Amino acid sequence: MNRLFHQLLRCLPLMAMVFACSSDKDATSIQKAEIVPQPKSIQYQEGKFVLNQDTPIIYPEGDPVLEKTAELLQGYIMGALGFAPKIAAGTPSDDGIVLTAANQDASEAYELTVSNDRILINGQSAKGTFYGVQSLRQLIPAKAKGNEVAISAMQIQDSPRFSYRGMHLDVARHFFDTDFVKTYIDLIAMHKMNTFHWHLTEDQGWRIEIKKYPKLTSVGSQRKETVVGHAGRSNEYDGQPYGGFYTQEEIKEIVQYAQDRFITVIPEIELPGHSLAALAAYPQFGCKGEHYDVATTFGIFDEVYCAGNDSTFLFLQDVLDEVVALFPSEYIHIGGDECPKASWENCPKCQARINSEGLEDEHELQSYFIRRIEKYLNSKGRQIIGWDEILEGGLAPNATVMSWRGMHGGIEAARQKHDVIMTPGSHVYFDHYQSLDKEVEPLAIGGFTTVSKVYEFEPVPEELSEEEQQYVKGAQANVWTEYMKSSEQVEYMILPRMAALSEVLWSAKEDRNLEDFKPRLLHAISYYEQMGLNYAKHIFDAEIAASPNPETGKVEVALSTFSSEPIYYTLDGSEPNQQSEQYKGEKLSIDKPVTLKATTFLNGEKGMVKSETIQLNIASFKPMQLLKAPSSRYEKYTPALNDGLRGIMNFGSGAWVGFLHGDLEAVIDLKQPTEISEVKVGTLVQAGSWIFGARSLKVYTSDDGKAYKEVASETFPETTQEQKDMITDLTASFDKVSAHYLKVVVERQDKLPEWHKGSGQNAYLFVDEIIVQ
Ligand code: ACM
Ligand code: ZN
């Protein structure tokens with residue numbers, strides 16, 4: 001929590017920086033439009049519009065939709081300038097900020113024209129006008145001084161690339177109140193996105209009131225307690241009852257709130273899996289029929305709806321009747337992901353269904369389940385969206401596929417001429433870590449997804465033909481909240497990654513440019529600050545990119561920031577401060593062991609200190625051969641074993657090589673007889689991830705690469721259940737010897753012990769570096 005607090009404190013100076021350009025006397029003046037997402041075209045003209053307390057917002061007489069948009073604009077101006085312009089009905093030739101719209105409802109395009117007398121926002125539909133208002137909002141400084149703002153004359157023409165621009169929120173693993181859901185919707189609107197995917201039901205809680213089945217919320221919305229720490233690695237529970245749900249009145253309020261901001265709310269009712277909370281309330285709809293509890297940990301559960309029981313379908317239809325009445329969205333998300341088949345395999349009713357329907361197996365039974373639900377929803381005039389598992393066993397005829405296990409499901413669905421929404425874990429799972437160094441981050445599910453990586457995301461796969469590409473309707477970020485207990489934590493995970501996604505979804509592919517995006521992102525952040533949001537600060541931190549160069553035997557190091565803060569660094573392991581060396585943009589060339597530490601200062605406030613240990617030694621870059629192959633996933637990182645770079649507590653970072661079947665047996669050619677007296681091997685211990693400490697280290701030397709002599713042998717105790725995760729260097733010291741060749745053997749813990757959840761299976765050994773001196 002300390003870190004969160006630190007981050008909140010760091011918000012304050014940025015505001016000073018962004019507005020330092022405006023003096024107290026003069027009106028703040030906007031010369032250049034810095035809008036996220038980048039509009040299609042901006043033409044600057046002579047002149048300026050002065051926005052002050054006398055500027056009215058004009059909407060067409062008798063147009064309640066644009067009147068509402070005018071009210072929202074009034075609120076944005078109030079937030080920035082501290083006064084609320086008056087709103088009046090009028091005509092496009094009036095002076096002031098004028099909102100108009102044509103009737104092309106399918107279009108989201110708009111034109112925004114700033115001239116001396118007026119700002120005219122003309123949408124091809126009211127939706128377009130709303131997006132023009134969002135652009136205008138970013139032409140008004142988030143916190144201007146004085147009572148007026150001058151905006152340069154310009155003309156913006158704009159329309160989005162994709163029709164589906166979504167943000168998902170899981171309110172089941174943790175519950176978020178309607179105030180926060182509204183803030184979330186405000187953010188979706190600000191980023192010109194148009195879909196809120198509301199994940200309302202799960203194993204850990206049912207969050208939507210269903211009048212016909214009151215126990216869904218009285219029982220299903222409550223869990224006894226919650227796992228503490230990472231579900232995969234923890235057996236500790238907090239003992240605190242946890243719950244919450246939305247009444248139908250609250251749902252209607254949210255749907256209206258979203259509609260006022262031209263956002264469609266797509267509810268997700270998970271089936272046939274992720275249904276434990278519903279089964280806890282109504283056990284008769286599960287295969288086993290009794291004894292279900294709302295889940296208190298996270299993962300995938302075998303208990304699912306019974307597909308052989310017709311009453312299950314009648315129940316789900318009743319639920320969907322109420323859902324359809326609450327949500328006007330054309331699409332209803334029915335889940336479909338991660339549904340284990342064990343319960344169906346052992347259920348006489350499910351097996352009878354497979355027989356009576358002539359189905360091949362349980363995958364086809366899942367397909368039967370989804371088709372039957374689709375048929376029902378289609379009969380109500382609605383369409384379904386499902387996670388990419390709905391491809392298995394055959395796609396329901398009209399289904400849209402949400403591709404989350406990479407892009408592959410989306411590609412497959414597009415080839416079958418089904419609509420697709422791309423949400424691959426690789427780029428748009430905003431539950432992933434934002435730093436490789438997990439130790440300094442609040443707990444997250446895993447992964448590593450930076451703002452830059454989100455920005456690089458391309459939703460349309462090249463593998464698809466031009467015709468097939470048309471089925472890709474857009475993309476969405478998914479926000480699963482197992483490890484987001486508070487709204488502040490959700491803010492931290494979505495901001496500013498969401499800004500990067502908004503540009504992927506809105507702006508033309510050829511207009512996307514990371515360097516151009518950076519300053520505009522800083523501007524967008526000033527609005528997050530205005531709104532008091534806890535955005536993540538990683539973009540202000542120093543980044544260290546170390547490239548080992550086997551040719552020169554040196555390590556080249558580039559330091560950078562996403563913003564343009566000066567970077568200070570040290571090479572002796574001491575804490576950098578503003579008196580330390582300042583990075584001048586030229587790569588550092590490191591040819592000896594150093595501990596590099598680098599940081600930025602944002603208006604005097606120190607950012608994260610990033611560190612890189614470079615341990616160049618006798619073995620660095622020397623020819624090395626592994627006598628036993630590493631685990632195939634890590635084979636490509638083999639050169640990291642003697643590149644001088646050390647790993648951090650993240651086995652997927654590229655610095656670590658994992659061994660699962662054989663020991664590490666490395667032969668290093670030192671190129672000439674060399675005096676040595678110590679070998680160190682860096683290892684990782686992370687028992688929860690099946691990574692155990694080594695059992696022994698043996699060192700052999702040779703003059704000819706054929707006959708080896710043992711010079712050292714060390715043994716190490718078995719990793720215990722109590723062992724904390726750590727990086728540890730195994731050391732073997734010996735009397736000075738001359739060696740031309742060196743063999744280093746590190747023995748793995750063979751099998752995981754009794755107490756371990758993977759008992760009997762192979763343990764991993766992870767090594768980052770072999771250091772010889
Ligand atoms: C998912 O992340 N299980 C859709
Ligand atoms: Zn069954």
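Note that ligands are numbered from 1 as they come in the structure, with each ligand's atoms numbered from 1 the same way. Numbers for residues simply follow the sequence, beginning at 1. From a predicted model like this one, the values you see are computed outputs, not experimental measurements.
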> Between Trp206 and Phe315, how do the two ring planes meet: parallel, tilted or perpendicular, split at 30° and 60°?
tilted
> In terms of atom number and element, which parts of ligand 1 are under 4.0 angstrom from non-hydrogen atoms of Tyr429?
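Per the distance check, 1 (C), 2 (O), 4 (C).
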> Measuring centre to centre across the rings, with the benzene-like ring taken for any Trp, is Phe175 within less than 6.0 Å of Tyr246?
yes
> Tyr368 and Arg372: side-chain donor and acceptor closer than 3.5 Å?
yes
> Decide whether an N or O pair under 3.5 Å exists between Asp337 and ligand 1.
yes
> If I take atom CD from residue Glu468 and atom CD from residue Gln470, how far apart are they, to the nearest 0.5 angstrom?
10.5 Å
> At the Zn ion (ligand 2), what is the angle formed between atom SG of Cys350 and atom SG of Cys306, rounded to the nearest 10°?
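That angle is 110°.
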> Within the 4.0 Å heavy-atom shell around Glu338, which atoms of ligand 1 are there?
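Those of ligand 1 that fall under 4.0 Å from Glu338 are 3 (N).
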